[in-house]
There are 2 protein chains.
Amino acid sequence: MSRDAAETREKILNSTLDLLEAGDPHRVRMSDIAKAAGVSRQAVYLHFPSRAELLIAATYLLDDRKGVEERLVASRSAGSGRNRLDAYVDCWAGYLPEIAGVARAFLAMVETDAEAASAWNQRMEDVREGCEAVVKALKADGDLAKGLTIKAATDLFWTLLSVRNWEQLTRDCGWSEKEYGKYIKAAARAVLVKGEGG
Amino acid sequence: MSRDAAETREKILNSTLDLLEAGDPHRVRMSDIAKAAGVSRQAVYLHFPSRAELLIAATYLLDDRKGVEERLVASRSAGSGRNRLDAYVDCWAGYLPEIAGVARAFLAMVETDAEAASAWNQRMEDVREGCEAVVKALKADGDLAKGLTIKAATDLFWTLLSVRNWEQLTRDCGWSEKEYGKYIKAAARAVLVKGEGG
DNA sequence: GTGTAACTTGACACGATGTCAAGGGATGCA
DNA sequence: TGCATCCCTTGACATCGTGTCAAGTTACAC
């Protein structure tokens, strides 16, 4: 691929992210993206075979930019299970607002587009693994709440952290990012950590 | 409206519920419904102005059939806040599987159809009121976990009970109805009730 | 100046919702 | 018997967004 083509590809991806971050997921049609990139609608299809693939490519670019991997290091090296839980929730609470636009677009597409659904599920599976690591650390410390298996605890934690829940709490309930972090951390501790609840 | 027209309307609503309960939300197009009801696609539009309105009408019929109101009485008259919490979660856990098909169809539509979104939000608002009543009962007993305002506790409880969470836990995590009831009740207690967690 | 890569232009298919117009058939009423 | 009315059917059409296709343009390289 020549330099020109790579540049056009970049322009398209950047415009996609711009539109997604602008908020209204209904204004991120292929024609909107093309217009924003200053390119014909067909040029977009020359670079990306479908809307789903374009959005997936955009999320990879976004992850690169936001340095997701580096952030997670803080959580993994936080010592005790309790501390790892806190660090993980903090990391997640800081990450979510940054990917909100992209996430919303995917959530809207997941119902109808199988390809988008599988890309999204893959990413959520990664989050689940992070949840599981935290739960196992708690278990190793003897701090996992009684009555919870590792699977059940992971499922609960993962569900608590779901993007839909974040959406509901910040949009419908009007929570700030700070409130989300504080209350969700407290809720996760109450549910998962022995002797922490209420 | 004559007896004939009312009968056709009934047939359409019944077929709609049948298809919704059958599971695959993509097979509930207007033409599917018409075919199932043994009627032309246009006949459906003679009775319901849009797909959204038809689905809304179907949910009202479903509620009537399932006797939602009567069930909630159990929760409201359960005495202490703690007992009301348990009863409310039980009621919800029993109700969800019955409305799953309809709920899925709405969740798929909510992203694109403003009318469907507002109907769905109205129903979720009713659930929220139930959550708030439980939280207030806990507060009155002095059993609300410290650090939680009534609003924050209601928001958390309501979010915990969201249909999306139920979907994720039962479908993606493979939880049974019974597991859902058990773990969600425990989680709700851990988060909301003083001295209950972990 | 010939070729090639990248892009444009404009047309089209598709699947779903929703609209419109014309007509058919049963029932009711004179 | 004739006529009107209601409920429904048939089939065509508009719209919106995605995705495809074919032909043409521009610019640069050799």
Side-chain angles (χ1 to χ4, degrees), chain A residues 1-16 19-20 24-58 104-120, chain B residues 1-16 19-20 24-58 104-120:
Chain A
M1 186 172 286
S2 82
R3 210 180 65 94
D4 279 14
E7 262 175 22
T8 303
R9 198 187 137 92
E10 283 261 314
K11 267 196 301 184
I12 293 169
L13 285 172
N14 284 328
S15 302
T16 305
L19 289 176
L20 286 171
D24 184 351
H26 298 119
R27 290 287 162 235
V28 195
R29 289 159 299 195
M30 293 301 261
S31 53
D32 297 317
I33 294 166
K35 191 187 288 180
V39 112
S40 73
R41 193 170 68 92
Q42 274 50 40
V44 180
Y45 283 101
L46 290 178
H47 290 275
F48 304 94
S50 68
R51 185 168 180 269
E53 298 237 6
L54 167 55
L55 262 56
I56 291 164
R104 259 187 284 263
F106 265 91
L107 292 177
M109 248 198 330
V110 154
E111 318 278 353
T112 55
D113 187 310
E115 196 183 356
S118 106
W120 180 255
Chain B
M1 187 173 285
S2 82
R3 210 181 64 94
D4 279 14
E7 263 175 20
T8 302
R9 198 188 140 93
E10 283 261 313
K11 268 197 300 185
I12 293 169
L13 285 172
N14 285 328
S15 303
T16 305
L19 288 175
L20 287 171
D24 184 352
H26 297 121
R27 291 287 161 234
V28 194
R29 290 159 298 195
M30 293 302 260
S31 53
D32 297 317
I33 293 167
K35 190 186 289 180
V39 112
S40 71
R41 195 170 67 90
Q42 275 50 41
V44 180
Y45 283 101
L46 290 178
H47 290 275
F48 304 94
S50 68
R51 186 168 180 269
E53 298 238 4
L54 167 55
L55 263 55
I56 291 164
R104 259 186 285 263
F106 265 93
L107 292 178
M109 243 192 343
V110 155
E111 319 278 353
T112 54
D113 187 308
E115 197 184 354
S118 106
W120 180 256

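Numbers restart at 1 for each chain; the letters A, B, ... are given by sequence-line order, proteins then strands.
Atom NZ of A:Lys11 and atom P of C:dC7 are 8 Å apart (whole Å). Atom pair B:Leu54:CG and C:dA16:P shows a separation of 16 Å (rounding to whole Å applied). Distance, B:Glu10 CD to D:dC7 P: 16 Å, rounded to whole Å. When the P atom of C:dA21 is taken as reference, atom CG of B:Leu46 falls 14 Å away, rounded to whole Å.
Scored by the side-chain contact (heavy atoms from CB on, under 4.5 Å) test, B:Thr112 finds no partners at all (sequence neighbours excluded). In this view, B:Asp24 satisfies the side-chain hydrogen bond (donor to acceptor under 3.5 Å, both in side chains) rule with no residue, not counting sequence neighbours. Among residues two or more places apart in sequence or in another chain, the side-chain contact (heavy atoms from CB on, under 4.5 Å) test is passed with B:Leu13 by B:Arg9, B:Phe48, B:Leu54, B:Ala57, B:Ala58, B:Leu61. Under the side-chain hydrogen bond (donor to acceptor under 3.5 Å, both in side chains) criterion, B:Asp113 pairs with no residue at all, not counting sequence neighbours. Partners of A:Arg29 under the side-chain hydrogen bond (donor to acceptor under 3.5 Å, both in side chains) rule, at least two apart in sequence or in another chain, are A:Asp32. In this view, B:Arg41 satisfies the side-chain hydrogen bond (donor to acceptor under 3.5 Å, both in side chains) rule with no residue, not counting sequence neighbours. For B:Ser118, there are no side-chain contact (heavy atoms from CB on, under 4.5 Å) partners two or more places apart in sequence or in a different chain.
In this structure, the helix from C:dG1-D:dC30 to C:dA30-D:dT1 shows an angle of 30° between the axis at its start and the axis at its end, each fitted on 5 base pairs and rounded to 10°.
The shortest side-chain heavy-atom distance between A:Met109 and A:Trp120 does not fall under the 4.5 Å cut-off.
Distances shorter than 4.0 Å separate some side-chain N or O of A:His47 from OP1 or OP2 on C:dC7.
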Checklist entry - When every nucleotide of nucleotides 14-30 of chain D is labelled 5' to 3' by its protein contacts under 4.0 Å (heavy atoms), B for base, S for sugar-phosphate only, - for none, what sequence of letters results? => result ---SBBBB---------

